[in-house]
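First comes the structure, then the notes that go with it.
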There are 2 protein chains.
Amino acid sequence: MISASLEDYLEFVHNTILEKKEIKAIDISKAFNISRPSVSEALIRLADMDLIIYEGRKGIKITKKGIEQAQKTVKKHKILSDFFTEILKIDREQAEKNACKIEHVIDDEIIEKMKKYKESKLENNEQS
Amino acid sequence: MISASLEDYLEFVHNTILEKKEIKAIDISKAFNISRPSVSEALIRLADMDLIIYEGRKGIKITKKGIEQAQKTVKKHKILSDFFTEILKIDREQAEKNACKIEHVIDDEIIEKMKKYKESKLENNEQS
DNA sequence: ACATTTTGTTAGGTTTACCTTACTATGTAT
DNA sequence: ATACATAGTAAGGTAAACCTAACAAAATGT
């Protein structure tokens, strides 16, 4: 099982690669406000788990396994954050912040029910 | 700030004292499946934070500050678990399990909105 | 081309939350 | 009363996730 911290970093690696085609260790350091050595260490652990391929300055690549992992987290994040904003009327910033923490501990079944609930709620609103 | 583990132990101390009038270190050890030395260590940390008064075999007492802390956690736990069962139709066991983890990371504002949401939903159901 | 800045690594340290092994003190049972 | 079991402590260890200081390599600016 992957830790919350590593999951966060992997999610960021994934999102950044999608957005900007590449990512460097320093980007993670800046994004999460952690030291460069801590990023090195984390990337080595992610590589040990075959979630990324890390070759120092040569770049960070995400593996198939890593993409699958990251997508699961991204999906949870999105459903949580949408549920919070659209159903509970939480402001975006706070919804995002809480999604970031809850995505690491919540079960898939609850996420699925949140998604279904939101969908059925929005259908009803369209009819009214 | 208190850690998730310590918050769990404090919550259990509080609930057990309410239920059975007293609690021993060994009870925590059994409930959370952690070693006796780990419990000792945790209780010392809780005592350092003035959340409990710990005098070894003489017993564990919870302070005013500890009760307040524990009640906050219990409240979050209950609102989460009720929201999951009543709104999202999650079964009790899974709702409890997830509440246990989410209660440590979720903001008060979201908890409040969940509570309000559930209350207004139940009102509507009474009318229909 | 050379100096400076940027990026990453090494080495060593801290804290939290666990663990095991071994010891001590307390309670119980006969 | 003594032997045994239970509860707690002491000592020492591990792994994760962070840190700083110092160094090395690479990229950039002039």
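Lettering of chains follows the sequences in order, A, B, ..., and the numbering in each one begins at 1.
Ion pairing between a basic and an acidic side chain is recognised when a charged N comes within 4.0 Å of a carboxylate O; B:Lys64 and B:Glu68 show such pairing. Taking the charged nitrogens against the carboxylate oxygens, A:Lys113 and A:Asp108 have no contact shorter than 4.0 Å, which rules out a salt bridge. Ion pairing of B:Glu112 with B:Lys75 is present here, as a side-chain N (NZ or NE/NH1/NH2) and a carboxylate O approach within less than 4.0 Å.
Nucleic acid contact class of A:Ser35 (heavy atoms, under 4.0 Å, all strands): base. In this structure, B:Asn33 reaches the sugar-phosphate backbone alone: every heavy-atom distance under 4.0 Å involves primed, P, OP1 or OP2 atoms, never a base. Note on A:Phe32: nothing from the nucleic acid sits closer than 4.0 angstrom, heavy atoms only. B:Ser38 comes within contact range of at least one nucleobase, with a heavy-atom separation under 4.0 Å.
Applying the 4.0 Å criterion to OP1 and OP2 of C:dC18, one finds that B:Tyr9 has a side-chain N or O inside that range. Note on A:Ser5: a side-chain N or O is less than 4.0 Å away from OP1 or OP2 of D:dC18.
Taking the side chain as every heavy atom from C-beta outward, B:His104 and B:Lys76 never approach each other to under 4.5 Å. Here the side chains of A:Ile60 and A:Lys24 are not in contact, with every heavy-atom distance at 4.5 Å or above.
The separation between A:Ile34 atom CD1 and C:dT7 atom P is 15 Å, rounded to whole Å. Here D:dT9 presents its P atom at 11 Å from CD1 of B:Ile28, a figure rounded to the nearest Å. Going from atom CG of B:Asp48 over to atom P of C:dA17 covers 12 Å, rounded to whole Å. One interatomic measurement links the two molecules: CG of B:Leu10 to P of C:dA17, which rounds to 13 Å at whole-angstrom precision. Rounded to an integer number of Å, the gap from B:Leu43 CG to D:dG8 C1' is 10 Å. With rounding to whole Å, A:Lys30 atom NZ is found 9 Å from C:dG8 atom P. Atom CG of B:Asp27 and atom C1' of D:dG8 are 13 Å apart (whole Å). In this structure, CD of B:Glu7 is placed 15 Å from C1' of C:dA17, rounded to the nearest angstrom.
Which of C:dA17, D:dC18, C:dG8 sits closest to the side chain of B:Glu41 comes down to C:dA17. Closest contact between the side chain of A:Ser3 and the listed nucleotides D:dA16, C:dC18, C:dT16 involves D:dA16. Closest to the side chain of B:Arg45, out of C:dT16, C:dT7, D:dA17, is C:dT16. Distance from the side chain of A:Ser40 is smallest to C:dT9 among C:dT9, C:dC18, D:dC19. Taking the side chain of B:Tyr54 as heavy atoms from C-beta on, and the options D:dC18, D:dT9, D:dA16, the nearest nucleotide is D:dT9. For B:Pro37, counting side-chain heavy atoms from C-beta on, the closest listed nucleotide (C:dC19, D:dA17, C:dT9) is C:dC19.
Across the interface with DNA chain C, nearest-nucleotide mapping of A:Ile44 and B:Leu6 shows A:Ile44 to be the residue nearer the 5′ end.
Side-chain atoms of A:Arg57 and base atoms of C:dT7 include a donor and an acceptor less than 3.5 Å apart.
Atom CD1 of A:Ile102 is separated from atom CD1 of A:Ile106 by 6.5 Å, given to the nearest 0.5 angstrom.
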